[in-house]
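What you see below is based on every heavy atom in this structure, not just the backbone, and it leaves out hydrogens, waters and symmetry mates.
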Amino acid sequence: MGRVLAVLLAAAALCAGCGGSRTSAGGTLDSILKRPGPDVALTAGASEFVPGDVRYPFLVIRNDAKPVERPAAAVWVAKGRADKPFAHATARLEPIGIPGRSAVAFGGVTRIYVAHLRISRPGRYWLVAQPEGARIQAVGMLDVSAHSSSPAVGAQAPRSATPTLATAPAAQITTSRPPDLPLLRYSIAGSLAAHAPFVVTFATPKFCTSRTCGPVVDVVEAVRKRFVARGVRFIHVEVFRDNNPQRGYDRWMRQWGLLSEPWVFVVGRDGRVKAKFEGSVSVAELAAAVGSKLG
């Protein structure tokens with residue numbers, strides 16, 4: 001997740017002087033950052049944002065490298081640190097993977113905050129998050145682009161002829177161990193031709209190593225069990241050429257314009273994207289999207 005890393009580095013550098021910044025008028029982001037407790041760089045769990053309902057996943061990591069996992073966190077967004085917030089939301093803590101079954105994400109992270117923010121215009125914004133009951137503030141930057149590189153909600157899904165068990169052995173088309181066989185039965189192109197609703201995840205279980213890159217394939221498989229009787233197909237596509245990170249992203253990632261992983265897309269019978277998630281997504285979030293968008 002190269003762009004996420006770039007955002008983190010920028011946020012860390014900008015946050016270095018947070019504690020000593022001059023306080024602006026009451027109600028600004030600066031005034032929030034003057035509250036008791038350390039100011040840390042916010043760890044973003046996604047990198048692509050466009051105007052509208054912005055789903056913003058993030059972590060708050062203490063200076064001792066341990067995550068803060070309170071049930072909720074207040075989030076404020078403003079054009080600058082000296083400005084008053086124009087958006088405020090409550091982020092909820094969502095589990096990463098399947099609790100008790102999935103391996104924990106890198107760094108021992110098991111849960112991630114998710115905030116939904118309404119941002120109407122492209123631009124660069126400042127964001128501050130404060131977990132409830134915790135004396136710590138996390139600060140970062142949020143870049144909202146005019147257009148996404150990945151298929152937008154409402155756009156036609158690319159007709160990618162992704163591999164299946166009918167075209168290749170499981171060991172070649174998944175890094176999951178044991179292989180996630182139920183997610184390897186259908187291709188994207190075949191599902192579009194059949195006018196079948198489907199959920200597709202672009203993810204690499206073996207090589208996902210960041211704090212915010214959780215076991216998304218486990219989540220997709222858990223949701224599959226809930227909806228398979230309704231005719232919804234569930235698909236897993238690996239992200240690297242020959243499953244080798246040194247060879248870069250494969251052609252299916254390029255066809256979908258994906259610059260990071262993991263991703264999950266919900267696609268309707270009409271072949272159009274109904275919902276999408278970058279980074280970790282919980283069973284509750286994905287099941288709600290499938291249930292409401294695919295019926």
* For side-chain contact (heavy atoms from CB on, under 4.5 Å), just list the numbers for D53 and R118, CA-CA rounded to whole Å, side-chain angles, deciding distance to a tenth of an Å, and then say yes or no. => CA-CA 5 Å; D53 180 13; R118 190 71 186 176; 3.9 Å; yes
For [X] and [Y], work out which heavy atoms get closest and say how close.
X	Y	value
K79	F86	N-CE2, 4.1 Å
D83	A78	O-CB, 3.8 Å
A168	I173	CB-CG2, 3.7 Å
P51	S120	CB-O, 3.5 Å
V144	V50	CG1-C, 3.6 Å
A157	L192	O-CD1, 3.6 Å

Determine whether [X] and [Y] make a side-chain contact, defined as any pair of heavy atoms from C-beta on separated by less than 4.5 Å.
X	Y	result
V75	F58	yes
V216	T201	yes
Y113	Y56	no
E278	S47	yes
R226	V283	yes
F198	F234	no
I235	S191	yes
L286	F277	yes

Check whether [X] reaches the backbone of [Y] with its side chain - one donor and one acceptor, N or O, closer than 3.5 Å.
X	Y	value
S187	T164	no
D180	L183	no
R241	Y249	no
D39	V139	no
H88	A74	no
S148	S150	yes
T175	K206	yes
T174	A170	no

Looking only at side-chain N and O atoms, does [Y] offer a donor or acceptor that is under 3.5 Å from a partner on [X]?
X	Y	value
S260	E48	no
E94	S280	no
S160	W256	yes
S102	D218	yes

Does a salt bridge link [X] with [Y], judged by any charged N lying under 4.0 Å from a carboxylate O?
X	Y	answer
E285	R55	yes
K274	D270	yes
E132	R70	no
D30	R81	yes

Open item on the list: Is there a side-chain contact (heavy atoms from CB on, under 4.5 Å) between E261 and L258? Walk through the geometry before answering.
Closed with: CA-CA 7 Å; E261 58 84 23; L258 304 181; over 6 Å; no
Would [X] and [Y] show up in the same hydrophobic cluster when neighbours are defined by side-chain heavy atoms closer than 4.5 Å?
X	Y	answer
V219	V232	yes
V128	M141	yes
V237	L165	no
V239	V267	yes
V200	F240	yes

Output the distance between atom [atom1] ([X]) and atom [atom2] ([Y]), rounded to the nearest 0.5 Å.
X	Y	atom1	atom2	answer
W76	K84	CH2	NZ	15.0 Å
S282	R92	OG	CZ	13.5 Å
T90	H116	OG1	NE2	12.0 Å
Q137	L33	CD	CG	6.5 Å
R159	I188	CZ	CD1	11.5 Å
K276	K293	NZ	NZ	13.0 Å

**Audit row: L294, V266, side-chain contact (heavy atoms from CB on, under 4.5 Å) steps and yes/no** = CA-CA 8 Å; L294 302 184; V266 178; 3.7 Å; yes
Close aromatic pair by centroid cut-off 6.0 Å: W252 and F202 =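 No, ring centres 6.0 Å or more apart.
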R124 atom CZ, neighbour heavy-atom count above 12 within 6.0 Å: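 No - once you tally the heavy atoms of other residues, nucleotides and ligands closer than 6.0 Å, there are 12 at most.
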query = Would one find more than 12 heavy atoms of other residues, nucleotides or ligands at under 6.0 Å from atom CZ of R177?
reply =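 Atom CZ in R177 is crowded, with more than 12 foreign heavy atoms closer than 6.0 Å.
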Exercise. Does the pair I112 and L93 meet the rule for a side-chain contact (heavy atoms from CB on, under 4.5 Å), with working shown?
Worked result: CA-CA 5 Å; I112 191 168; L93 204 57; 5.7 Å; no
